[in-house]
Amino acid sequence: MTTVDKKIFNSIKKDFGISIGDMRHIIKDFHSEMIKGLNGEKSSLKMIPTYVDRPTGNEKGSFIALDLGGTNFRVLGLELKGNGKMSTPRVKKYALHVKHMRGTKDELFDFISEAVKDFLISEKIKIEDTAALGFTFSFPVEQTGIASGRLLKWTKGFSAKGVVGEDVVELFNDALRKNGIGNVTVTALANDTVGTLATRSYEDPDCDVGIIIGTGTNACYPERMSNIRKWKDPQPKSNEMMINIEWGNFNKLHLTIYDKRLDGVSSNKGQQILEKMVSGMYLGEVARLVFDDLIKKRVLFNGVKVSPFRIKYGFKSEYMSIISGDRTRGLSKTARLLEGIGISGSTAEDRKLVRTVCDIVSTRAARISASAMAAVITKMDKDLSRRHTVALDGSVYEKHPGFARNMRIALDELFAGKSKRIRMVLAKDGSGKGAAVIAAVAASS
Ligand code: GLC
C-alpha cells in the first residue's frame, strides 16, 4: 500500500471504530430511549409489552409451535415436562419463497396454515383434535393480549400486502379455519427474542435477556410493571412483564458514509438503523460499499472496472464469515471465494485488505451489540450486583468467527472483573421452542 492508500484506509478504520467512550455513550442514550419508550413518549425504541412473564420451569403439556421471521419457516411439536425439562422437539422446515414474503396476506397465511396441516398429518395428530399453538412471529407487533397483536411494520425484507395494521393472529386463525383445521388455536403470540428468553429461562432462573443477532437483531427482558408507565390495561398477577425492545430501530449511533448510502437507498429509509449496522441482512452490504469505494480509489484490486462489488447486495454476510475465518496461507480460501464471485488475480495484499474490512465491519457490529446488551442489563441491575444469563441466537452470533469473542472483549472493557457476572449462552432454536413455552405459560396463568 502506498502512503496515500494507507491514509485512506486508516480513516475508514477510524470511522468504524467504537471506543470505550463510544460504548458508554450508546449505553446512556439507550437507557434514555428505553425510558421514553416505556413512558409512551416518542423514541426509537418501541418497548412493546408482551403480556407474558418469564416461565417458572413448572409448566407442562404438549404444544405445537410455529416460527416465522427469517429465511425459513418451521413447525415444531414439543412436550414440556416440568422441572425445567422438555422433550427434543420434532421439527419440520418449510422454505419460504418471495411470493410468501412479498405477495399478499393470503399467500403468506395460506402457506403457513397448510404447513401446519402437513405437520399434523406427518405427526399423526388427528385433524379433529384440539391443539394449542404458540406462534413466534418475529416482527414489530403491538400486542393487545397474549394471543393478539397488530403488525406495526414489516422488517427484514418482508412486505406482504394487507398485513400491516392487522391482527396477525386473526389472519392466521382465519387461514386455519379456511384450511379445515380451525380446532388448532393460537394461544400465544411471541417475538423470537421472547421465545429465546423463555426457552432458556425455563431451565435457568438467572436468564433475563433474550437476544437475536441473525437476519435481523433485537432483544427482550423482564421489566417491572411500575416502570411500564404507558401500561393502561388491568395489572397482571405478576409484577413484571417481558418487554420486546425492538432494538434494531435504535438510531443514536454514528453513521459512516457507507451506512448513510445503505440507508439512503433502502426501502425503510431512516428506520432500523442499528439493525442495518449489525444484522446479517445488511453486514455484507456495508462491507460491499467499502470495497466498492476502495476499488474506485484504486486502493483495492488495482481499481478493476467491472466487479461484483458494483451490484447492490452482491456480497453476502456469509462471505464475510468465510473470509474472517480464513486461516489458510496467503488467504487462498479467500482467493477462491473472490474468484467464484468474479474477481480473479487478487494479490495477497488485496486479500489481506478484504479480510481487514470484514473484520472492521463485524467488530463494530459486535461492539454495538455488546453495548446495547450492557444497556439492557444495567437498566435492570445498575451495579451488576447479581448474575445474568443472556440467551443468544441467530446466524451472525453463532456463525461469524470471533463475533461472540468480540462481544465478550467489549463487556470486559466496560465492566472489568464484574463482567463475569454476565454469562452469554447460545440458545439454539430458542425462538421456536419458546413459542411452546409461552403457550404453556399462557395456559397455566
Ligand atoms: C427484526 C424484527 C424483530 C425481530 C428481529 C430478529 O428486527 O423487527 O421483531 O425480533 O428482527 O429476528
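As the structure lists them, so they are numbered: ligands from 1, and atoms in each ligand from 1.
Near P140, meaning under 4.0 Å from one of its heavy atoms, ligand 1 places the atoms 8 (O), 9 (O). Near Q272, meaning under 4.0 Å from any of its heavy atoms, are these atoms of ligand 1: 7 (O). Close approach of ligand 1 to N218 (heavy-atom distance below 4.0 Å) involves ligand atoms 3 (C), 4 (C), 5 (C), 9 (O), 10 (O). Here is the list of ligand 1 atoms found below 4.0 Å of a heavy atom in G216: 6 (C), 11 (O).
Contacts between T217 and ligand 1, counted as non-hydrogen atom pairs separated by less than 4.0 Å, involve the backbone only.
For the residue pair D381 and S385, a side-chain donor N or O sits within less than 3.5 Å of a side-chain acceptor on the partner.
Remark: the backbone N or O of T256 is paired with a side-chain donor or acceptor of D259 at under 3.5 angstrom.
Applying the salt bridge (charged side-chain N to carboxylate O under 4.0 Å, His left out) criterion to K92, with sequence neighbours excluded, gives D118. Looking at residues two or more places apart in sequence or on another chain, you find a side chain to side chain contact (heavy atoms under 4.5 Å, CB included) between K36 and S32, E33, E41, S43.
The shell of residues lying under 4.0 angstrom from ligand 1, judged by heavy atoms, includes S138.
For R90, the CZ atom sits in a packed shell: over 12 heavy atoms of surrounding residues, nucleotides or ligands are nearer than 6.0 Å. For CZ of R421, the number of neighbouring non-hydrogen atoms (other residues, nucleotides, ligands) closer than 6.0 Å is greater than 12. Taking a 6.0 Å sphere around NE2 of H31, one finds it holds more than 12 heavy atoms contributed by other residues, nucleotides or ligands.
Nearest to atom 11 (O) of ligand 1 among the protein's heavy atoms is K156 NZ, 3.1 Å. Of all protein heavy atoms, the one closest to atom 7 (O) of ligand 1 is E275 OE1, 2.4 Å. Among all non-hydrogen protein atoms, the one lying nearest atom 6 (C) of ligand 1 is D192 OD2, 3.3 Å. If you check which protein heavy atom lies closest to atom 9 (O) of ligand 1, you get E246 OE2, 2.5 Å.
Checked against a 3.5 angstrom limit, the closest N/O atoms of T155 and ligand 1 fall inside it.
In this structure, K93 is not positioned above the aromatic face of F73 in the sense of NZ or CZ being under 6.0 Å from the six-membered ring centre and within 45° of the axis.
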